[in-house]
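Residue numbering restarts at 1 for every chain, and letters A, B, ... go by the order of the sequence lines. Please read these numbers as outputs of a predicted model, since none were measured by experiment.
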Amino acid sequence: MEPTALAFLAAGIGAGIVAIGASVGIGRLAASAMEGSARQPEAAGDIRTSMIIAAALIEGVALFGLVICFLLAIK
Amino acid sequence: MEPTALAFLAAGIGAGIVAIGASVGIGRLAASAMEGSARQPEAAGDIRTSMIIAAALIEGVALFGLVICFLLAIK
Amino acid sequence: MEPTALAFLAAGIGAGIVAIGASVGIGRLAASAMEGSARQPEAAGDIRTSMIIAAALIEGVALFGLVICFLLAIK
């Protein structure tokens, strides 16, 4: 089997796993943000700011992971 | 086995895993948004704004992951 | 099978596992930060600072893990 064959396989499966990770993480923290906004509507602005910061940190890891998969996919 | 064979396999499996991840994440946060809006109808606007921001972040990761699968599929 | 073949496979799967780990970790602590901000809106600033510090520590480990996957991917 040629190396590029496994590179392609890894790119596809890796992209999928990265998406699962990022989605579960952002989904979990955003769900709590929604529930918090509902409980204290006057804190919705503060909660949203925190939510965006935390989601951006997960997004950063996920995009770097997808860049690695991208490099494998274009071999 | 030729490399493109595994690329096709990975494109299909990867696209499926990406969809699972994004769906679970967006489904989870949107469910909480619905429950929050129901509990505090006057905060529905704030909650909807937060929901769209968080869902868009998951959507960004998922679409990039699908682009990688697309690259594998057209080899 | 050539060594680079497994290096590619490891890069893709490794990037995915790193993303899962970092996302679940940051998602979990950020979710608690949201709930805490909602319960005590006047402590939202303190909670956010703690959240960013903790999330940055997870981010540091995750980025180093992704750099290792990156090195495998460009072999």
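- The most heavy-atom pairs under 4.5 Å with chain B, out of A/Ala62, A/Ser37, A/Ala11, come from A/Ala11.
- Counting heavy-atom pairs closer than 4.5 Å to chain B, the top-ranked of the candidates A/Pro3, A/Ala56, A/Gly12, A/Ala30 is A/Gly12.
- Between chain A and the residues B/Ala19, B/Ser32, B/Gly14, the most heavy-atom pairs under 4.5 angstrom are made by B/Ser32.
- Between the A/Arg48 side chain and the B/Asp46 main chain, a donor and an acceptor come within less than 3.5 Å of each other.
- At a 4.5 Å heavy-atom cutoff, the contact between B/Leu72 and chain A is made by side-chain atoms alone.
- In this structure, chain A has heavy atoms under 4.5 Å from both the backbone and the side chain of B/Ile47.
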List the steps and the verdict of side chain to side chain contact (heavy atoms under 4.5 Å, CB included) for B/Leu6 and B/Leu9. CA-CA 5 Å; B/Leu6 278 182; B/Leu9 180 66; 3.8 Å; yes

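- With a threshold of 4.5 angstrom between heavy atoms, A/Glu35 approaches chain B through its backbone and through its side chain.
- Between B/Val24 and A/Ile20 the shortest side-chain heavy-atom distance does not fall below 4.5 Å.
- Distance check: A/Met34 CE to B/Arg39 CZ gives 13.0 Å after rounding to the nearest 0.5 Å.
- Annotation: A/Glu2, atom CD; neighbour count of heavy atoms from other residues, nucleotides and ligands within 6.0 Å does not exceed 12.
- Side-chain contact check for B/Ile58 versus B/Leu29: some heavy-atom pair is nearer than 4.5 Å.
- For chain A, the option among B/Thr4, B/Ile13, B/Ile53 with the highest count of heavy-atom pairs below 4.5 Å is B/Ile53.
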